[in-house]
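Only this structure's heavy atoms are used, side chains among them; waters, hydrogens and symmetry mates stay out. This is a predicted model, so every value here is computed, not measured.
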Amino acid sequence: MARLTEIEAEKIFKPETMALLKGKSGESLKQLLGDKDLRQVMQRSTELIPELIEAEDGYRDHLELLAADIATQVYDIIDYANIKIDAKIVPMGDLNIPEEPDEVPADEAPPEAELEKRSIIKKIQQGASIRGAFAFLLFRDYLDALDETLVEKYNEILKLSFGIYDNDEAIAMLLAMIAQKQNMPGGESEMVYNKDNKQFVIKARAICFPMLVHEIVKGLFEIIGTEGFGADKKQNQAIVNMVDKLSGEPDDLRNGKFLYDAIANVYNNSNINDNRVREIFIAEIYKLPFKELKSFVENAITDGLYSVQASDNGQWQVVYKSDLDPFYKSESEAKQAMSLLKNENPEKEYIVKYVGLTPEQKKWAADTMRDIKDDLKKDDTGLSGL
């Protein structure tokens with residue numbers, strides 16, 4: 001049987017990209033958890049969840065509708081593509097720990113490139129769901145009308161829940177719990193295709209309102225993620241069985257938010273004011289062959305940055321600015337650093353290189369988003385192939 005261990009980002013991206021992601025994760029840890037250690041995070045989460053459940057008592061029907069409404073307003077593609085949302089706040093005991101997928105025979109294992117492609121897509125999906133979970137902050141007035149304590153509690157539980165994925169100690173603990181089937185999920189989602197209605201359905205369940213928003217967004221991006229599959233349904237299922245595992249989620253949640261940010265920034269810099277374009281553009285990225293997809297995503301992560309590289313036996317190697325910050329924010333800053341290196345090591349050859357999206361990639365992105373925008377004017381969802 002072929003059983004692939006979770007594909008972590010470091011198995012896919014360059015070491016210098018991983019150093020950048022690790023630095024971003026450290027910054028995220030400080031933003032989300034401050035100076036709290038793992039024990040304090042776990043203790044506060046244990047206290048906060050019952051408080052939230054009690055505070056939501058009497059409002060759950062309203063909050064379920066609001067969660068679906070928030071997702072629909074923030075992600076216009078949901079209405080446009082006629083995606084139905086089935087969202088419920090449920091007791092923790094109603095949530096199921098997913099079973100491990102069936103093993104794949106070694107002679108049926110998909111190519112490594114397809115597995116890594118799926119892993120990148122899963123990371124972006126998880127990253128999008130983290131960013132989308134905080135969309136409730138845009139609807140503070142409505143939530144305050146129900147209970148003025150809700151927003152702060154929601155914000156705190158999300159920071160605690162997602163911040164631990166930037167903590168090495170917490171990830172080790174979570175992986176051990178997953179291995180022993182002792183992890184307690186805060187929500188679950190799945191996408192279902194209703195053949196009779198020819199409609200995608202996002203089925204989301206969670207123990208509280210902000211987690212429900214998170215699961216709805218995750219379900220949406222699972223639908224978009226299907227664009228990364230080929231025509232061979234058997235191979236697609238094998239890819240899912242080998243990649244979509246609970247043990248891969250900590251790495252997906254840790255690094256995925258930065259992958260999603262990078263792709264979203266390409267849209268944000270396009271001057272197109274139609275967020276449907278963003279989601280359909282992501283679907284177009286998923287259609288790219290693995291090498292092109294990997295290159296685009298990795299260059300998007302480092303877009304706008306410069307590296308100093310030294311020649312080593314005919315190979316150019318990145319000289320890190322620091323352990324967790326290998327790149328420079330401007331060409332002039334990189335050139336100054338290179339001058340200092342040349343003075344210290346006059347026998348070595350150095351260059352400054354732009355490490356972001358190539359001109360060809362920028363043109364492809366601009367042309368693709370423009371075409372999507374034009375197609376939307378013709379009332380084409382761009383998701384017809386899902």
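Using a 4.5 Å heavy-atom cutoff, the side chains of Ile130 and Leu158 are not in contact. Side-chain contact check for Leu115 versus Pro111: every heavy-atom pair is 4.5 Å or farther apart. By the 4.5 Å heavy-atom criterion applied to side chains, Glu116 and Ile120 are not counted as neighbours.
The pair Asp94-Arg205 fails the salt-bridge criterion, with no side-chain N (NZ, NE, NH1 or NH2) lying under 4.0 Å from an Asp/Glu carboxylate O. Look at Glu51 and Arg44 and you find a salt bridge, because one of the NZ, NE, NH1 or NH2 atoms lies within 4.0 Å of a carboxylate O, short of that distance. Between Glu292 and Lys287 there is no salt bridge, since none of the side-chain N atoms of the basic residue sits less than 4.0 Å from a carboxylate O of the acidic one. Salt bridge absent: Glu249 and Arg254 never bring a charged side-chain N and a carboxylate O closer than 4.0 Å. The pair Glu349-Lys342 fails the salt-bridge criterion, with no side-chain N (NZ, NE, NH1 or NH2) lying under 4.0 Å from an Asp/Glu carboxylate O. Look at Lys123 and Glu10 and you find no salt bridge, because none of the NZ, NE, NH1 or NH2 atoms lies under 4.0 Å from a carboxylate O. Salt bridge Arg276/Asp274: present, at least one basic N to carboxylate O contact under 4.0 Å. Contact check on Asp261 versus Lys257 returns no salt bridge, with no Lys/Arg side-chain nitrogen under 4.0 Å from an Asp/Glu carboxylate oxygen.
The two residues Asp147 and Ala55 make their nearest non-hydrogen contact at OD2-CB, 4.1 Å. What you find for Ala67 and Leu212 is that their closest heavy atoms are CB-CD2, 3.8 Å. Across all non-hydrogen atoms, the minimal contact from Pro91 to Ile207 is C-CG2, 4.3 Å. Counting all heavy atoms, side chain and backbone alike, Leu293 lies closest to Ile285 at CD1-O, 3.2 Å. Residues Pro250 and Tyr165 approach most closely at CA-CD2, 3.7 Å, considering heavy atoms. Residues Leu357 and Val266 come closest through the heavy atom pair CD1-CG2, 3.9 Å.
For CD of Glu54, the number of neighbouring non-hydrogen atoms (other residues, nucleotides, ligands) closer than 6.0 Å is 12 at most.
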Check against salt bridge (charged side-chain N to carboxylate O under 4.0 Å, His left out), Arg140 and Glu152: CA-CA 10 Å; Arg140 179 166 195 147; Glu152 294 308 318; 2.9 Å; yes

Audit row: Asp69, Gln73, side-chain contact (heavy atoms from CB on, under 4.5 Å) steps and yes/no: CA-CA 6 Å; Asp69 190 45; Gln73 290 192 47; 2.7 Å; yes

side-chain contact (heavy atoms from CB on, under 4.5 Å) evaluation trace for Glu16 with Phe327: CA-CA 8 Å; Glu16 56 267 28; Phe327 303 116; 3.6 Å; yes

Criterion salt bridge (charged side-chain N to carboxylate O under 4.0 Å, His left out) on Glu333 and Lys329, from CA distance to verdict: CA-CA 7 Å; Glu333 183 187 9; Lys329 291 181 172 60; over 6 Å; no

Pair Glu222-Gln125, side-chain hydrogen bond (donor to acceptor under 3.5 Å, both in side chains): steps then yes or no: CA-CA 7 Å; Glu222 182 63 40; Gln125 174 192 334; 3.2 Å; yes

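The hydrophobic cluster containing Leu138 also contains Leu220, counting ILVMFWY residues as joined when their side-chain heavy atoms lie under 4.5 angstrom apart, directly or transitively. Note on Val201: it does not cluster hydrophobically with Met191, by side-chain heavy-atom contacts below 4.5 Å among ILVMFWY residues. Under the 4.5 Å side-chain heavy-atom criterion for ILVMFWY residues, no single connected hydrophobic cluster contains both Val318 and Met18. Side-chain heavy atoms closer than 4.5 Å link hydrophobic residues (I, L, V, M, F, W, Y) into clusters, and following such links, possibly through other members, connects Leu137 to Leu52.
No side-chain N or O of Glu284 forms a donor-acceptor pair with one of Thr368 less than 3.5 Å apart. A side-chain donor-acceptor contact under 3.5 Å links Asp303 and Tyr354. Defined by atom type and a distance below 3.5 Å, a donor-acceptor pair is present between the side-chain atoms of Ser189 and Glu215. With no hydrogens or angles considered, a side-chain donor-acceptor pair links Asn255 and Asp251 at under 3.5 Å. There is no side-chain donor-acceptor pair under 3.5 Å between Asp79 and Thr72. Side-chain contact check for Gln235 and Glu114: no donor-acceptor pair (N or O, by modelled atom type) lies under 3.5 Å.
Checked against a 6.0 Å centroid threshold, the rings of Tyr260 and Phe221 count as neighbours. Residues Phe200 and Tyr193 bring their aromatic ring centres within 6.0 Å. Side-chain rings of Tyr328 and Tyr306 stay apart, their centers remaining 6.0 Å or farther from each other.
Between Phe162 and His214, the two ring planes are tilted [angle within 30° to 60°]. Between Phe281 and Trp364, the angle of the ring planes lies from 30° to 60°, which puts this pair in the tilted group. Classified by interplanar angle (parallel below 30°, tilted 30° to 60°, perpendicular above 60°), the ring pair Tyr154/Phe209 is tilted.
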